[in-house]
Amino acid sequence: MKIEHVALYVKDLEKAKDFFVTYLNGKANNGYHNQNTNFRSYFITFEDVARLEIMIRPELVEQVKNPYRT
C-alpha cells in the first residue's frame, strides 16, 4: 500500500509550510485561498511523490485538553 496524500490542520499555516520545506525538503505550491470561507491550504510535495496538504480555517479553535477528564 502506498499513501499519496495526507491532510492536516495546523495552527500557523506559514510556519508549518516553512518547516516542511526547510527541514524535510518539501516543495510547496502557491497555496489556495477560498475567500468565502477563508479556508487556506498548501500542498507540500516530497521526493517520493507523497503529498501533504496543510490547512487552516480561522473559525476552528484549539480546545484545551484536560488529561484528567472523566
Side-chain angles (χ1 to χ4, degrees):
M1 178 173 78
K2 183 175 182 179
I3 296 174
E4 188 271 335
H5 171 210
V6 174
L8 177 70
Y9 276 102
V10 297
K11 286 174 75 172
D12 187 320
L13 189 61
E14 296 302 320
K15 282 185 181 179
K17 177 187 69 127
D18 291 344
F19 172 83
F20 288 110
V21 168
T22 301
Y23 296 106
L24 299 177
N25 290 329
K27 305 279 188 256
N29 70 350
N30 291 332
Y32 169 77
H33 180 213
N34 181 321
Q35 293 183 348
N36 294 328
T37 63
N38 210 20
F39 170 86
R40 295 177 182 266
S41 71
Y42 284 106
F43 273 95
I44 313 293
T45 304
F46 299 95
E47 289 180 15
D48 65 353
V49 189
R51 294 184 306 148
L52 172 64
E53 181 180 11
I54 52 174
M55 311 168 293
I56 191 167
R57 286 179 46 190
E59 70 272 11
L60 295 179
V61 295
E62 183 177 359
Q63 296 179 353
V64 176
K65 305 285 192 269
N66 180 352
Y68 304 107
R69 183 178 65 199
T70 58

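All of these numbers come straight from a predicted model, not from anything done at the bench.
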- How long is the gap from NE2 on H5 to OG1 on T45, to the nearest 0.5 Å? 10.0 Å

- Item | Distance (rounded to the nearest 0.5 Å) between R51 CZ and K27 NZ | 16.0 Å

- Query: Going from OG on S41 to CG on L8, what distance comes out if it is rounded to the nearest 0.5 angstrom?
  - Reply: 12.0 Å

- Query: Any side-chain heavy-atom pair from F39 and Y32 closer than 4.5 angstrom?
  - Reply: yes

- CD-CD1 distance between E14 and I56, expressed to the nearest 0.5 angstrom: 9.0 Å

- Item | Test item: D12 and V10 side chains (from C-beta on) under 4.5 Å apart, heavy atoms | no

- Taking the side chain as C-beta and beyond, is there a heavy-atom pair between K17 and I44 under 4.5 Å? yes

- Item | Heavy atoms of other groups near E4 CD, more than 12 under 6.0 Å | yes

- Path from F43 to I3 over hydrophobic side-chain contacts below 4.5 Å: no

- Do L52 and F46 come close enough that some side-chain heavy atom pair is under 4.5 Å? yes

- Message: Nearest 0.5 Å, please: how far is CD in E47 from CG in N25?
- Response: 6.0 Å

- Give a yes or no on whether V49 and F20 share a hydrophobic cluster (residues Ile, Leu, Val, Met, Phe, Trp, Tyr; joining criterion: side-chain heavy atoms under 4.5 Å apart). no

- Message: Show the nearest heavy-atom pair for residues M55 and L13, with the distance to one decimal.
- Response: N-CD1, 4.0 Å

- Would you indicate whether N34, at its atom CG, is surrounded by more than 12 heavy atoms from other residues, nucleotides or ligands within a distance under 6.0 Å? yes

- Message: Contact between F19 and L24 at the side-chain level, heavy atoms closer than 4.5 Å - yes or no?
- Response: yes

